[in-house]
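As structure tokens, the structure follows; a few thoughts come after it.
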Amino acid sequence: MNATAPVPFTVDETGSGLPVLLLHGGAGPASMRPFAALLAERHSARVLLPTHPGFDGTPRPATLDGIRALAAAYTALLAERGLTGVTVVGNSIGGWIAAEMGLLDEGRIAASVILNGVGITVPGHPLADFFALRPDEVAALSFHDPARSPLAAADRFTQVQRATMAANREALSTYAGREMADPTLAGRLAATRVPTLVAWGTADRIASLGYGEAYAAAIPGAVFRRLADTGHLPQLETPETVLAAVAEFTTPSKNPSFQLDSIIGNLLPPEAPRPAGPPSWPGVHPCWCQAR
């Protein structure tokens with residue numbers, strides 16, 4: 001994928017303040033829209049919610065054929081829009097995209113939040129075989145309370161809804177593969193310099209709690225947070241819990257783990273050299289978390 005080639009992104013935008021990029025998973029942008037609205041309502045945040053090309057009937061360039069290509073395209077989108085101090089929040093494959101963006105970052109991303117992400121391989125903690133599951137089985141494995149899943153009503157979906165769901169699954173397969181993992185990712189994450197929160201719904205049976213712990217362990221300095229009574233889509237099942245976790249992580253007075261060199265990197269032009277060596281100085285992190 002040529003990262004400089006234009007990509008026809010569809011981006012919903014709401015709110016004002018420091019930018020927050022929300023990256024949805026295989027459930028599509030609808031799984032992020034309520035959280036986007038909550039975030040913009042409660043905090044000083046400019047919330048950008050793109051639809052991954054190929055989802056919800058959007059066009060997908062043939063060259064956009066994997067998670068790393070998609071991460072490069074979103075990294076280019078941040079540059080095209082001149083965005084800095086960005087908090088990236090991704091769920092499921094969106095978390096995988098966020099992790100890949102952290103490896104590509106040149107000073108535009110201030111923080112990364114991975115919500116029940118996929119993408120790594122963890123011995124003893126295999127991902128569920130998503131593409132072999134019926135909608136009701138996906139709901140049962142994805143939610144603490146399956147009755148709250150949109151898929152609980154899948155037997156009453158219209159023909160248009162069924163077609164959209166099938167097309168979204170095809171786009172998901174194109175990007176993530178049937179295994180929804182890259183065997184090289186866990187090792188590559190050791191190069192991550194972006195402050196990262198890995199937050200995990202403990203009831204997730206698509207990607208287990210042990211899988212989430214391994215994800216956090218692969219990222220230097222990552223904070224791991226368990227989210228009770230929620231599953232694979234915590235921003236949809238328990239949005240208030242997710243909002244509190246993200247706000248706490250990006251609040252300097254509550255989280256001293258943010259480092260001065262990451263701040264300098266976000267204030268410098270993207271082409272400027274960033275401080276060398278591992279983060280070492282506590283400092284103040286630019287955040288969107290001030291309540292309205």
Side-chain angles (χ1 to χ4, degrees), residues 20-23 25 32 35 39 67 71 87-103 105 109-128 141-144 180-182 184-259 262 278-280 282 285 287-289:
V20 180
L21 178 69
L22 298 183
L23 301 171
M32 275 288 189
F35 184 70
L39 178 57
I67 294 295
T87 297
V88 180
V89 181
N91 170 239
S92 193
I93 67 160
W96 181 359
I97 298 166
E100 294 281 9
M101 290 181 70
L103 294 172
D105 183 52
I109 300 175
S112 180
V113 179
I114 297 172
L115 300 173
N116 292 76
V118 297
I120 64 172
T121 55
V122 182
H125 294 279
L127 294 169
L141 296 180
S142 298
F143 277 70
H144 172 72
M180 295 198 297
D182 175 352
T184 73
L185 179 59
R188 291 188 291 110
L189 289 176
T192 304
R193 292 183 57 80
V194 175
T196 302
L197 169 66
V198 179
W200 219 262
T202 58
D204 188 359
R205 286 179 288 165
I206 297 291
S208 69
L209 183 64
Y211 184 95
E213 291 170 338
Y215 220 125
I219 301 172
V223 174
F224 185 72
R225 173 80 175 263
R226 298 183 181 206
L227 306 176
D229 301 326
T230 194
H232 190 65
L233 293 90
Q235 80 285 352
L236 190 59
E237 189 170 15
T238 55
E240 295 280 358
T241 300
V242 173
L243 188 64
V246 177
E248 180 177 355
F249 180 70
T250 54
T251 301
S253 62
K254 295 183 179 180
N255 178 20
S257 66
F258 290 111
Q259 308 298 329
S262 70
S280 57
H285 179 69
C287 66
W288 48 264
C289 52

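The shortest distance between side-chain heavy atoms of Val20 and Val246 does not fall below 4.5 Å. A 4.5 Å side-chain heavy-atom check between Leu185 and Tyr215 finds at least one atom pair inside the cut-off. The shortest distance between side-chain heavy atoms of Met101 and Leu23 falls below 4.5 Å. When side chains are defined from C-beta on, Asp105 does not count as touching Arg193, because their heavy atoms never get closer than 4.5 Å.
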Derivation and outcome, side chain to side chain contact (heavy atoms under 4.5 Å, CB included), residues Leu21 and Val89: CA-CA 6 Å; Leu21 178 69; Val89 181; over 6 Å; no
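Listed here is the closest heavy atom pair of Ile120 and Ala214: CD1-C, 4.1 Å. In terms of heavy-atom proximity, Leu227 sits nearest to Ala199 at CD1-CB, 3.9 Å. Summarising the geometry of Ser92 relative to Gly25, their closest heavy-atom pair is CB-CA, 4.0 Å, with the distance given to 0.1 Å. Of all the heavy atoms in Ser142 and Ile206, the pair that sits closest is OG-CG1, 3.5 Å. Here the closest heavy-atom approach between residue Ala128 and residue Leu141 is recorded as CB-CD1, 4.2 Å. In this structure, Pro234 and Thr230 approach most closely via the heavy-atom pair CA-OG1, 3.3 Å.
How far OG1 of Thr196 is from CZ of Phe249: 6.5 Å, rounded to the nearest 0.5 Å. Between the CZ atom in Arg205 and the NE2 atom in His144 there is a gap of 10.5 Å [rounded to 0.5 Å]. We find the OG1-CG distance between Thr202 and Leu209 to be 7.0 Å, quoted to the nearest 0.5 Å. We find the CG-CG distance between Asn116 and Asp204 to be 4.5 Å, quoted to the nearest 0.5 Å. Annotation: the span from Gln235 atom CD to Thr241 atom OG1 amounts to 12.0 Å, rounded to 0.5 Å. Atom CG of Leu127 and atom NE2 of His125 lie 11.0 Å apart (nearest 0.5 Å).
Trp200 places a side-chain N or O within donor-acceptor distance of the main-chain N or O of Ala207, the cut-off being under 3.5 Å. A donor-acceptor contact shorter than 3.5 Å links the side chain of Asn91 to the backbone of Leu115. Between the Glu237 side chain and the Phe143 main chain, no donor and acceptor come within less than 3.5 Å of each other. In this structure a side-chain-to-backbone donor-acceptor pair under 3.5 Å is missing from Thr184 to Asp182.
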